[in-house]
Asker: 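Shown below is the structure under consideration.
When reading the values below, keep in mind they use all heavy atoms of this one structure, side chains included, and skip hydrogens, waters and symmetry mates.
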Amino acid sequence: MICLVSSQVPGPDEPAGQTSAEKRLPPRPVQSREERQERIGKVRSLYDGRSAKDWPKPVIDDGVRWQELGLPTPPADPPGNPSSPEKVDLGKALFFDPRLSGTGQMACASCHDPDLGWADGRSTSFGHSRQALKRNAPGIMSAGASQALFWDGRAESLEKQAVAVLSNPSEMRSSPELVESRLKAVPEYRKAFEAAFPGRPIELARVAEAIAAFERSVKPGRSRFDAYLKGNTKALSDEAVLGLDLFRRDARCMNCHYGPYFSDFEFHNLGLSYYGRSLEDLGRYRVSGKAEDVGRFRTPSLRNIGNTAPYMHNGLFELEGVLNMYNAGMATLRRKPDQKDDPLFPTKSRHLKSLGLNRQDLTDLQAFLLSLTEPKLRVRPPDLATMQARP
């Protein structure tokens, strides 16, 4: 059997269930208050005020080309789409403008709302004519750092991702002709496009480039963890510092979530493909056609995680449930008799193992993850009411 919702996942101090084929480790003993205070002092001595390169060596599996955690660096602009203030301003207006959609009622910001961590707070988003989509809308804050977009990596750049969403009949259901005709009819857009793309026509490719430039301007770097990296040792609570150590070592998180953006941006199978069930999603396989990619999804960045619930590609889980599942080693699908020779039967990532963390460990780990959350920054949408189509 496979666990389908977080409430069904046994907690760290509960008996192991039947969600995994591997033996589940029992939770390790909870430390006394004195033991915990001693541990806090030891861990802080290993991390506080030290360069990340001097931190304890993380627990990493063989073959993982990991990178140490650090401050986020601005993603490089692609050669064909260098950023400019004019391009970013235009992209912001387009990002919030529902006229880009077929119905004229859905904007990029409908699923990537700045007040909701640049996501939408839903398990899965609503698309064209309010139809429920299949996957969760991730936040865009770290999207510029990834070389593959969407949960299955089917877009190689933010520019291609924007075109894919605009053209998707289940999402914004638009077309180059519709987008271009509506924008050309607005004098303010004609002026803005000329400023951003001098001498170039208004066309869908330029729309995508402007939106991508704006999305790359939405960058993390103001979290409490960033302040800690800059030398403010009081920025992280004792719980969060213990969680940082757990993240890097006992919890094995850095096998996939490493570097300044807390992601390898690769594809992994967490056992959540629901293979052969009503919620089946084959993930990367639909793009690559490779059997080993069945059930694999892109590793999301953990930055701004506190503002982007719910989690996973299907948006079915809250943070506590996610941590419980990782602690259990995630679910392991078992072949049914009719799947004995199924070449597409998914295989869970080798990085997932039962951890044996106790409830206090998971509370500390959650405290660290929440330290990656960015403070609220209210973004006022452009005044689109003044930008009306005129002869």
Asker: Please lay out, stage by stage, how D238 and R44 fare under the test salt bridge (charged side-chain N to carboxylate O under 4.0 Å, His left out).
Answerer: CA-CA 8 Å; D238 290 341; R44 278 203 174 275; 2.8 Å; yes

Asker: Kindly indicate, with the supporting measurements, whether the criterion side-chain contact (heavy atoms from CB on, under 4.5 Å) is fulfilled by L71 and D226.
Answerer: CA-CA 6 Å; L71 295 169; D226 293 310; 3.5 Å; yes

Asker: Sort out for me which residue in R298, R135, K134 forms a salt bridge (charged side-chain N to carboxylate O under 4.0 Å, His left out) with D152.
Answerer: R135

Asker: Quick check: does any side chain N or O of Y326 sit under 3.5 Å from a backbone N or O of K353, one acting as donor and the other as acceptor?
Answerer: no

Asker: Within the side chain of R284, is there an N or O that forms a donor-acceptor pair under 3.5 Å with the backbone of G153?
Answerer: yes

Asker: Write down the atom of N327, the atom of G356, and the distance for their closest heavy-atom approach.
Answerer: OD1-N, 3.4 Å

Asker: Among side-chain atoms of N136 and T124, is any donor-acceptor pair under 3.5 angstrom?
Answerer: no

Asker: With sequence neighbours left out, which residue pairs that include part of residues 61-80 fulfil the ring pair (Phe, Tyr, Trp, His ring centres under 6.0 Å) condition?
Answerer: none

Asker: Going by the side-chain hydrogen bond (donor to acceptor under 3.5 Å, both in side chains) test, which pairs reach into residues 178-188, not counting sequence neighbours?
Answerer: E188-R390

Asker: Could you go through the side-chain contact (heavy atoms from CB on, under 4.5 Å) check for R39 and Q31 one step at a time?
Answerer: CA-CA 9 Å; R39 180 167 162 241; Q31 292 182 314; 3.3 Å; yes

Asker: Honestly curious: do F193 and F214 fall in one hydrophobic cluster under the side-chain, below-4.5 Å linking rule?
Answerer: yes

Asker: Evaluate side-chain contact (heavy atoms from CB on, under 4.5 Å) for W151 paired with N314, printing each intermediate quantity in order.
Answerer: CA-CA 10 Å; W151 283 100; N314 48 25; over 6 Å; no

Asker: Which atom pair, heavy atoms only, marks the closest approach of Y261 to F265?
Answerer: CB-CZ, 3.9 Å

Asker: Strictly by modelled atom types, are T363 and Q366 linked by a side-chain donor-acceptor pair under 3.5 Å?
Answerer: no

Asker: Does the ring center of F225 lie less than 6.0 Å from the ring center of F247?
Answerer: no

Asker: Could you pull out the closest heavy-atom pair between A235 and A227, with the gap in Å?
Answerer: CB-CB, 3.8 Å

Asker: Is it true that the side chains of E171 and N168 contain a donor and an acceptor less than 3.5 Å apart?
Answerer: yes

Asker: Working to the nearest 0.5 Å, report the span between OH of Y258 and CZ of F262.
Answerer: 13.5 Å

Asker: Indicate yes or no for a side-chain donor-acceptor contact from R252 to the backbone of H351 under 3.5 Å, with no hydrogens or angles considered.
Answerer: yes

Asker: Are L46 and V241 joined in one hydrophobic group, where the rule is that I, L, V, M, F, W and Y side chains link up if heavy atoms are under 4.5 Å apart?
Answerer: yes

Asker: Would you call the rings of Y275 and F345 parallel, tilted or perpendicular, where under 30° means parallel and over 60° means perpendicular?
Answerer: perpendicular

Asker: Determine, step by step, whether D364 and R36 satisfy the salt bridge (charged side-chain N to carboxylate O under 4.0 Å, His left out) criterion, reporting the C-alpha distance in whole Å, the side-chain angles of both residues, the deciding distance to 0.1 Å, and the verdict.
Answerer: CA-CA 12 Å; D364 294 339; R36 183 171 171 81; 2.8 Å; yes

Asker: Does Y274 have R277 sitting over its ring (NZ/CZ under 6.0 Å from centre, angle to axis within 45°)?
Answerer: no

Asker: What about H313 and F297, are their ring centers closer than 6.0 Å?
Answerer: yes

Asker: For residues 100-107, which side-chain donor-acceptor pairs fall under 3.5 Å, sequence neighbours excluded?
Answerer:
residue: S101; atom: OG; partner: P98; partner atom: O; Å: 2.8
residue: S101; atom: OG; partner: G104; partner atom: N; Å: 3.1
residue: S101; atom: OG; partner: Q105; partner atom: N; Å: 3.2
residue: S101; atom: OG; partner: M106; partner atom: N; Å: 3.1
residue: S101; atom: OG; partner: M106; partner atom: O; Å: 3.0
residue: T103; atom: OG1; partner: Q105; partner atom: N; Å: 3.2

Asker: Please confirm whether the ring centroid of Y47 lies under 6.0 Å from the ring centroid of Y228.
Answerer: no

Asker: Would you say L94 and V88 are hydrophobically clustered, going by side-chain heavy atoms of ILVMFWY under 4.5 Å?
Answerer: yes

Asker: Do F96 and L116 share a hydrophobic cluster (ILVMFWY, side-chain heavy atoms under 4.5 Å, transitive)?
Answerer: no

Asker: Any luck finding a side-chain donor-acceptor pair between S288 and D293 under 3.5 Å?
Answerer: yes

Asker: Looking only at the aromatic ring of each residue, does the gap between the centers of F317 and Y311 stay below 6.0 angstrom?
Answerer: no

Asker: Hey, does the side chain of N358 reach the backbone of R28 with a donor-acceptor pair shorter than 3.5 angstrom?
Answerer: yes

Asker: Please tell me whether L369 and M254 are part of a single hydrophobic cluster in this structure, the criterion being side-chain heavy atoms less than 4.5 Å apart.
Answerer: yes

Asker: Output, in order, the C-alpha distance, side-chain angles, deciding distance and verdict of salt bridge (charged side-chain N to carboxylate O under 4.0 Å, His left out) for D115 and K376.
Answerer: CA-CA 8 Å; D115 290 335; K376 291 286 187 180; over 6 Å; no

Asker: Is a donor on one side and an acceptor on the other found under 3.5 Å between the side chain of E194 and the backbone of G199?
Answerer: yes

Asker: Scan side-chain atoms only and decide if N307 and N304 contain a donor-acceptor pair under the 3.5 Å cut-off.
Answerer: yes

Asker: Which heavy atom of H268 sits nearest a heavy atom of C256, and at what distance?
Answerer: NE2-SG, 3.6 Å

Asker: Under a 4.0 Å N-O cut-off, is there an ion pair linking R248 with E68?
Answerer: yes

Asker: Working note: R99 + D97, criterion salt bridge (charged side-chain N to carboxylate O under 4.0 Å, His left out); need CA distance, chi angles, decisive distance, verdict.
Answerer: CA-CA 5 Å; R99 282 174 289 197; D97 199 332; 3.0 Å; yes

Asker: Evaluate the criterion side-chain contact (heavy atoms from CB on, under 4.5 Å) for residue pair V207 and L183; output intermediate values, then yes/no.
Answerer: CA-CA 10 Å; V207 171; L183 296 179; 3.6 Å; yes

